[in-house]
Amino acid sequence: MIVDAHVHLTPPRIAAEWRDIAENEPYFALLAGSKVHKWGTAEELVARMDEEGVDEAWTFGFAFRSMELCRECNDYVLDAAKRFPGRIRPLAVVPPLDPAVESEILRCRDAGCIGVGELFPQGQEWDITDLRQTWRLAGLCDEAGLFLLLHTAEPVGHDYPGKGNVGPREAAAFCTNHPEVRVVLAHWGGGLWLYECMPEMRLVLANAWYDLAASPFLYAPEMLRAASAAGVGHKLLYGSDFPILSRRRYDRFFDEAALDDGFVRAVLGGNAEKLRLGRHA
C-alpha cells in the first residue's frame, strides 16, 4: 500500500480569491506568489493518485492565521474524504493560539481527521520552543489521539519562499517539552533525524517522525542511505508535497539511492500505517 503523507489541497474559492486573502495573510502571500506554487483540488489529487498508483493520501489545507479560513480549508478536506472514502484521509489546520482551537480540533477529529497540520510556526506567529504557547495544542493532540505535523526546514543552504526559521533546534525543543505527542516533522525535520545518532536525543525523539516532502528539490539520494545507516528508516514517511511534486520524481530518488525493497516499502506506506494506528516510531 502506497501512502502519500504530505498533500496540500485548496478550496476553489480560496484559489480564486487568493490575492485578496493574501493582503491579510503575509505567509500565504509569500507561498502563493512563488514561481513553483500550484493549486490542487480533490478531483485532481485522486486523478494523480490513480495515475501514479498511490492508494491513500493524507491531505490538509493551508494553515492560515485566521481561524475562519482554517475552518474553510478543514471543511473542504473533510468533504473530500467523504467523497473519496479510503483514498483521502484529512488533517485539520488551526491557528494554535486562537481561543477556538480546542473546539475546532475536536470537531475535525469527530468528523474523521487523523492529525493536525501542516502547521507553520513562523507563518502563524507562534514559537514551538515556548512551552507556554505549545502546551495546549500538544495536550489536545495527545488526548484526541491525533498526530501533529509541523513545518520545519534546514537551517543552512539557499533561501526560498516559505522556508521559515524553524529547524532542528526548535523541533528538538518541542519534542523535549512534549515527548508524549506523535509529531511528524516535515521536510526531514530540517536534519533533526541525524541527531538520533546521539543516545540522549534518540530518547527525546522517540515519538518523532520525518516526512520526505520536497526532498528532490533539496537533497541528493544519498540522504536516504544516510538515514538508513543512522537507523531511522522506520521513521521516514513518503510525502509528495502535491501538487508541487509527483511520485515519479520520488521513484527516481529511491532508485538512485539503491536501497533494499523492504526499506522502500516501509517508507512508501508501512511506516505511515504504524503512525496512523497510533504506534510509537
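Just so you know, these numbers use all the heavy atoms, side chains as well, and skip hydrogens, waters and symmetry mates. On a predicted model such as this, the values are computed, not experimentally measured, just so you know.
- Salt bridge present: D75 and R107 bring a charged side-chain N and a carboxylate O closer than 4.0 Å.
- A heavy-atom distance below 4.5 Å is not found between the side chains of W135 and D130.
- The backbone N or O of G190 sits nowhere less than 3.5 Å from a side-chain atom of Y210 that would complete a donor-acceptor pair.
- To the nearest 0.5 Å, atom CG of residue L137 and atom CD of residue E102 are 11.5 Å apart.
- At distances below 3.5 Å, at least one donor-acceptor pair connects side-chain atoms of N271 with backbone N or O atoms of L236.
- When every heavy atom of V3 is checked against every heavy atom of A272, the shortest pair comes out as CG1-CB, 3.8 Å.
- Residues E44 and P243 fail the side-chain proximity criterion, which asks for heavy atoms closer than 4.5 Å.
- Residues that satisfy the side chain to side chain donor-acceptor pair (under 3.5 Å) test with S215, not counting sequence neighbours, are W188.
- By the criterion of side-chain heavy atoms lying less than 4.5 angstrom apart, applied directly or through intervening Ile, Leu, Val, Met, Phe, Trp or Tyr residues, I105 is not grouped with L78; the two fall into different hydrophobic clusters.
- No side-chain N or O of N207 forms a donor-acceptor pair with one of E180 less than 3.5 Å apart.
- Listed by chain and residue number, H178 satisfy the ring pair (Phe, Tyr, Trp, His ring centres under 6.0 Å) test with F174 (two or more places apart in sequence, or in another chain).
- In the hydrophobic cluster analysis, where Ile, Leu, Val, Met, Phe, Trp and Tyr join through side-chain heavy atoms closer than 4.5 angstrom, I244 is grouped apart from F28.
- The hydrophobic cluster containing L237 also contains M1, counting ILVMFWY residues as joined when their side-chain heavy atoms lie under 4.5 angstrom apart, directly or transitively.
- Residue pairs meeting the side chain to side chain donor-acceptor pair (under 3.5 Å) criterion with at least one partner in residues 14-34, sequence neighbours excluded, are R13-E17.
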Quiz item: E143 and R109: salt bridge (Lys or Arg N to Asp or Glu O under 4.0 Å), yes or no, with the steps?
Solution: CA-CA 11 Å; E143 292 175 8; R109 189 275 311 272; over 6 Å; no
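- Here L194 pairs with nothing under the side-chain contact (heavy atoms from CB on, under 4.5 Å) rule; sequence neighbours left out.
- Side-chain atoms of W209 and V232, non-hydrogen and from C-beta on, never get closer than 4.5 Å to each other.
- Residues satisfying the side chain to side chain donor-acceptor pair (under 3.5 Å) criterion with Q122, sequence neighbours excluded, are absent altogether.
- Nearest heavy atom pair, residue F242 against residue T41, reads CE2-O, 4.4 Å.
- Taking CG from N177 and OG1 from T129, the interatomic distance works out to 8.0 Å, rounded to the nearest 0.5 Å.
- F60 is linked by a ring pair (Phe, Tyr, Trp, His ring centres under 6.0 Å) to H6, H8, counting only residues two or more places apart in sequence or in another chain.
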For residues 257-267, which side-chain N or O atoms pair as donor and acceptor with protein atoms under 3.5 Å away, sequence neighbours left out?
residue	atom	partner	partner atom	Å
D260	OD1	G262	N	3.0
D260	OD1	F263	N	2.9

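- Within the model, atoms CD1 of I21 and CD of E72 stand 6.5 Å from one another, a figure rounded to the nearest 0.5 Å.
- Residue pairs satisfying the side chain to side chain donor-acceptor pair (under 3.5 Å) criterion with at least one member in residues 152-169, sequence neighbours excluded, are listed as follows: E154-Y160.
- Partners of E256 according to the side chain to side chain donor-acceptor pair (under 3.5 Å) rule, which considers only residues two or more places apart in sequence or in another chain, do not exist here.
- Remark: R247 pairs with D251 by the salt bridge (charged side-chain N to carboxylate O under 4.0 Å, His left out) rule, at least two apart or across chains.
- The nearest pair of heavy atoms linking L31 to P161 is CD2-O, 3.4 Å.
- With hydrogens and angles ignored, the 3.5 Å screen pairs a side-chain donor or acceptor of R182 with a backbone N or O of L275.
- Salt bridge status for R225 with E222: present, with a side-chain N to carboxylate O gap under 4.0 Å.
- Remark: R202 CZ to M198 CE distance equals 12.0 Å, nearest 0.5 Å.
- Between W39 and A32, the shortest heavy-atom distance links the atoms CH2-CB, 3.9 Å.
- Residues L45 and D4 form no side-chain contact, since every pair of their non-hydrogen atoms from C-beta on lies 4.5 Å or further apart.
- A donor-acceptor pair is defined here as one N or O able to donate and one able to accept, closer than 3.5 Å; no such pair exists between the side chain of E196 and the backbone of M201.
- V7 and I14 fall into different hydrophobic clusters, where Ile, Leu, Val, Met, Phe, Trp and Tyr side chains are chained together by heavy-atom contacts under 4.5 Å.
- Using a 4.5 Å heavy-atom cutoff, the side chains of L150 and E118 are not in contact.
- Between F147 and I114 the shortest side-chain heavy-atom distance falls below 4.5 Å.
- Side-chain atoms of L245 and P216, non-hydrogen and from C-beta on, do get closer than 4.5 Å to each other.
- Residues satisfying the ring pair (Phe, Tyr, Trp, His ring centres under 6.0 Å) test with F253, not counting sequence neighbours, are none.
- Here the closest non-hydrogen pair linking C141 and V116 is SG-CG2, 3.9 Å.
- The cluster map of Ile, Leu, Val, Met, Phe, Trp and Tyr, joined by side-chain heavy atoms under 4.5 Å apart, puts V77 and F64 in different clusters.
- Aromatic rings from W126 and F120 are positioned such that their centres are separated by 6.0 Å or more.
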Hey, can you pull the donor-acceptor pairs under 3.5 Å for the side chains in residues 80-98, sequence neighbours left out?
residue	atom	partner	partner atom	Å
R83	NE	D79	OD2	2.8
R83	NH1	E43	OE2	2.4
R83	NH2	E43	OE2	3.4
R87	NE	D55	O	2.9
R87	NH1	D50	OD1	3.0
R87	NH2	D50	OD1	3.1
R87	NH2	V54	O	3.0
R89	NE	E56	OE1	3.0
R89	NE	E56	OE2	3.1
D98	OD1	A100	N	2.8

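- With K235 contributing its side chain and V184 its backbone, the two residues share no donor-acceptor pair below 3.5 Å.
- Atom CG of L146 is separated from atom CG of L140 by 9.0 Å, given to the nearest 0.5 angstrom.
- D211 places a side-chain N or O within donor-acceptor distance of the main-chain N or O of H187, the cut-off being under 3.5 Å.
- Of all heavy-atom pairs between L192 and P168, the closest is CD1-O, 3.6 Å.
- Atom CG of L69 sits about 10.5 Å away from atom CZ of R65, to the nearest 0.5 Å.
- Contact check for F254 versus L268: side-chain heavy atoms found under the 4.5 Å cut-off.
- The environment of OH in Y219 is crowded: more than 12 heavy-atom neighbours from other residues, nucleotides or ligands sit within 6.0 Å.
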